[in-house]
Protein chains: 2
Amino acid sequence: MIATGAGGVTRAQRAVLAALVDAPSFASAQEIHARLRASGETVGLTSVYRALQSLTEVGDVDVLRTDAGEATYRRCDSDRHHHHLVCRHCGAAVEVEAPELERWVADVASRHGYRVDDHTLEISGACGRCATS
Amino acid sequence: MIATGAGGVTRAQRAVLAALVDAPSFASAQEIHARLRASGETVGLTSVYRALQSLTEVGDVDVLRTDAGEATYRRCDSDRHHHHLVCRHCGAAVEVEAPELERWVADVASRHGYRVDDHTLEISGACGRCATS
DNA sequence: ATCGTTGCAAATGTTTTGCATGTCA
DNA sequence: TGACATGCAAAACATTTGCAACGAT
C-alpha cells in the first residue's frame with residue numbers, strides 16, 4: 001500500500017470523501033455506499049470500506065461507534081484533537097476543542113496515579129433548531 | 001417479563017453477575033460465556049446475552065463499545081452517573097464522578113444552542129503499577 | 001397447567017477476506 | 001509487465017430471534 005495524500009488518491013477514496021462532505025454528520029459505511037450508488041457513482045461496498053479504512057488511518061476522517069455497534073465516519077474540519085456535539089434529530093455536529101477538559105482529564109488521571117494515553121468524549125442532544133421545533 | 005431485583009433472579013443472571021465480579025474490568029459477552037464454561041457453569045451463550053441485556057436495562061451493569069465493535073460489560077460499584085478511567089494493560093478501572101465535567105458539558109452545549117440528552121467520556125491509559133513496570 | 005427460562009439452530013447485519021479481473025504507469 | 005485498485009462472492013464476526021423443551025410455582 002502506498003502512502004495516500006491528504007486528498008485521497010484512489011477513485012473510491014475520492015468518492016467517499018465527496019460523500020462525506022455532503023453528509024450532515026456521521027454516516028455509516030452502508031449509508032455512504034447507498035448515497036454514492038444513488039448519485040450514479042459505481043463503487044463497490046468493499047471499496048467503500050477499504051477507502052474508509054485508509055482515510056481513517058491517515059486521519060482524514062473520524063470514526064464513531066453507535067450504540068447499535070455500527071461504525072460511523074465523518075470528515076472533520078479540524079485536524080487537531082477535538083470532540084463532538086451531535087444533534088440526534090438533524091445530525092448537525094459541532095466540533096469543539098476543549099483545553100479545560102483536556103486539563104481536567106490529565107488532572108483526574110494523575111490524581112489516581114494513571115497516565116493518559118487516550119480519551120473520548122461524545123455529547124449528543126438536540127440543536128437549537130430541533131429542540132424548539 | 002417480570003421486574004428483576006438487584007441481585008439477578010434467573011440462573012443466567014446470577015452466573016453472569018458472578019463472572020463480572022471476578023472480571024478485572026470490562027468483559028465481552030463471549031468472554032463471560034467462556035469464563036463460565038471454564039468454571040463448570042453450563043450456561044448458553046444466548047442466556048448470557050439475554051442476562052446482560054436485562055442487567056443493563058436495570059442498571060446493574062455498564063456497557064462500553066470497544067473500537068473493534070464488541071460490546072463489553074462491567075459491574076459498577078456506583079449506580080450513579082459516572083465515567084471510567086481504564087488501564088489498558090491490567091484492565092483496572094476507576095469509576096470517577098465528575099460534577100465539574102457535567103457542568104462543563106452543559107455549558108459548552110448551551111453555548112452552541114444545544115440541549116444535552118446524553119454524553120460519554122472514556123479515559124484509557126496506564127495505571128500507576130503498569131506505567132512504571 | 002402455566003408462565004418464564006433456557007439453549008440450540010438458524011437468521012441477521014456489519015465488516016473482512018479470497019480471488020480473479022481491470023487499470024495505469 | 002508489475003503493482004495496485006476494484007468488486008463480487010464467500011467467510012468471519014457479534015448479536016438476535018424462532019422455537020421446542022424444561023422447571024418452578
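Quick caveat: nothing in here was measured; it's all calculated off a predicted structure.
- Side-chain proximity of A/Gln53 to the nucleotides D/dG7, C/dT16, D/dG18 is greatest for C/dT16.
- At C/dT6, one or more side-chain N or O atoms of B/Thr10 fall inside 4.0 Å of OP1 or OP2 (strictly under the cut-off).
- Counting non-hydrogen atoms of other residues, nucleotides and ligands closer than 6.0 Å to CG of B/Asp67 gives a total of 12 or fewer.
- Here A/Thr66 lies out of heavy-atom contact (under 4.0 Å) with every strand.
- For the OP1/OP2 pair of C/dT6 and a distance below 4.0 Å, the side-chain nitrogens and oxygens of B/Thr46 include no atom meeting the criterion.
- Contact annotation: A/Tyr49 side-chain N/O to C/dT16 OP1/OP2 distance is not under 4.0 Å.
- Across all strands shown, B/Arg11 has heavy atoms under 4.0 Å from sugar-phosphate atoms exclusively, and none from any base.
- Each of A/Ala12 and B/Ser28 lies near DNA chain D, and the nucleotide nearest A/Ala12 is the one positioned closer to the 5' end.
- Between the side chains of B/Tyr73 and B/Gln53, no donor-acceptor pair of N or O atoms lies under 3.5 Å.
- Atom-to-atom, NE2 of B/His33 to C1' of D/dA14 comes out at 14 Å; the value is rounded to the nearest Å.
- Taking only side-chain atoms of B/Arg37, from C-beta outward, the nucleotide of C/dT15, C/dT16, C/dC8 with the closest atom is C/dC8.
- If you check every strand for non-hydrogen atoms under 4.0 Å, B/Ala68 touches nothing.
- Taking atom CG on A/Leu52 and atom P on D/dT6, their separation rounds to 13 Å, with Å as the unit.
- Per the geometry, CG belonging to B/Leu45 stands 11 Å off C1' belonging to C/dC8, to the nearest Å.
- Inter-residue side-chain proximity for B/Val108 and B/Arg111 is flagged as met; some heavy-atom pair is nearer than 4.5 Å.
- Atom C1' of nucleotide D/dT16 and atom CG of A/Asp67 are separated by 17 Å, given to the nearest angstrom.
- Following rounding to the nearest Å, A/Leu64 (CG) and C/dT14 (P) show an atom-to-atom distance of 16 Å.
- For B/Arg50 against C/dG4, no side-chain N or O and base N or O form a donor-acceptor pair under 3.5 Å.
- Summarising the geometry, the separation between CD on B/Glu70 and C1' on D/dA12 is reported as 13 Å, rounded to the nearest angstrom.
- Counting to the nearest Å, the P atom of D/dA5 and the CG atom of A/Leu55 are 12 Å from each other.
- Inspection of the A/His81 and A/His119 side chains reveals an N or O donor paired with an N or O acceptor under 3.5 Å.
- In the model, B/Glu102 has a side-chain atom that pairs as donor or acceptor with a side-chain atom of B/His83 under 3.5 Å.
- Residue A/Thr42 is in sugar-phosphate contact alone, with no base atom involved, counting any heavy-atom pair closer than 4.0 Å across all strands shown.
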